[in-house]
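Have a look at the structure below, then the notes.
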Amino acid sequence: MRKLLAANWKMHLYPSQVAPLVQAILARWSRAPHARGVIFPPMLYLREVADMLQNTPLAAGAQNGYPGEFGAYTGEVSMAQIAAVGAQWVLVGHSERRQYFGESAPFLRDKITDAQNRGLQVMYCIGETLTQRQAGETFSVLRQQLTETLPETINWSRFAIAYEPVWAIGTGINATPDQAQEAHAFIRSVLVEMGAPAQEIPILYGGSLKPDNAKALFAQPDVDGGLVGGASLQAESFLSIAAQLWEGF
Ligand code: PGA
């Protein structure tokens, strides 16, 4: 059951666009009960999306969350609040949060621990920049992003990884299937070293994943699905990617 497909809507969509997009996705997805999916809408729409996805093969998730229940943290939304509106997932460590909001390993570790304690599943994003890849540092960066951040108490059954090379996000330049497979196999080997049941953990690819490159990426043995940004904003392209992950979708 490693296959999983997720939509990261980022900071997109007006309120009036949310229900029609979810309905269009559900119109087809509800006929595929075996297909496990997650939608990560902007926080403002999380409750609405979670309500719409109840009793469907899809779950709702938050793009971010603050560790804890309540507190004087103006502008933040806690992991407890996220879980309480019916969301089942939270994204942690997306490169945009690392890059623009300065989120680093100790904070990410706290988020993962607290999210899981609140009953949420964590999708942890890792990936190298272009400079790091060109310097031959891809593997050491990925290893560090795993070993420095993942808490010793992690619950591996509530955990997935998204490998998202930073140079591929929103650029239209996806990792080649070989590059993705090499990184995913490496990530799985580090998970083994860390004592994880690595064969059961979904490792998704993200970064300019589109209908025309999904099939070749999903054909790789260690690519278990995708985290889709731009192409998840239209039902047609998101569903087309899903149809390439699951036969008979
Ligand atoms: P993209 O974004 O598909 O638009 O490249 C993926 C992501 O950042 O999750």
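Just so you know, ligand 1 is whichever comes first in the structure, and atom 1 is the first atom listed for that ligand. Only heavy atoms go into these numbers, but all of them, side chains included; no hydrogens, no water, no symmetry mates.
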Students often mix this up, so state it plainly: with edges at 30° and 60°, are the rings of F249 and W29 parallel, tilted or perpendicular? perpendicular

Considering heavy atoms of the protein only, find what lies nearest to atom 3 (O) of ligand 1 and give residue, atom and distance to 0.1 Å. G229 N, 2.9 Å

Pair F238 + W9: ring centers closer than 6.0 Å: no

Heavy-atom pairs closer than 4.0 Å: do any link ligand 1 to the side chain of N8, the backbone, both, or neither? side chain

Identity and distance of the protein heavy atom lying nearest atom 2 (O) of ligand 1: K10 NZ, 3.3 Å

Consider ligand 1: state whether an atom of it lies below 4.0 angstrom from any non-hydrogen atom of G206. no

Near H94, which atoms of ligand 1 are under 4.0 Å from a heavy atom of that residue? 7 (C), 8 (O), 9 (O)

So with a 6.0 Å cut-off around CD of E76, is the heavy-atom count from everything else above 12? yes

Just go through E164, H12, Q63, K210 and tell me whose heavy atom is the nearest to atom 7 (C) of ligand 1. E164

Determine, using the 4.5 Å side-chain heavy-atom cutoff (strictly less than), whether I169 and F40 are members of one ILVMFWY cluster. no

Parallel, tilted or perpendicular: rings of F159 and W156 (30°, 60°): perpendicular

Quick one: does ligand 1 sit under 4.0 Å from the side chain of A231, the backbone, both or neither, non-hydrogen atoms only? neither

Please could you name the atoms of ligand 1 that G230 approaches to less than 4.0 Å, counting only its heavy atoms? 1 (P), 3 (O), 4 (O)

Numbered atoms and elements of ligand 1 in range of G207, under 4.0 angstrom, heavy atoms: 5 (O)

Under the criterion side chain to side chain donor-acceptor pair (under 3.5 Å), which of K3, R2, H184 is the partner of D224? R2

Which pairs count as ring-ring contact (aromatic ring centres under 6.0 Å, His included) when at least one residue sits in residues 73-94, sequence neighbours excluded? Y66-Y73

So is A168 touching ligand 1 or not, going by heavy atoms under 4.0 Å? yes

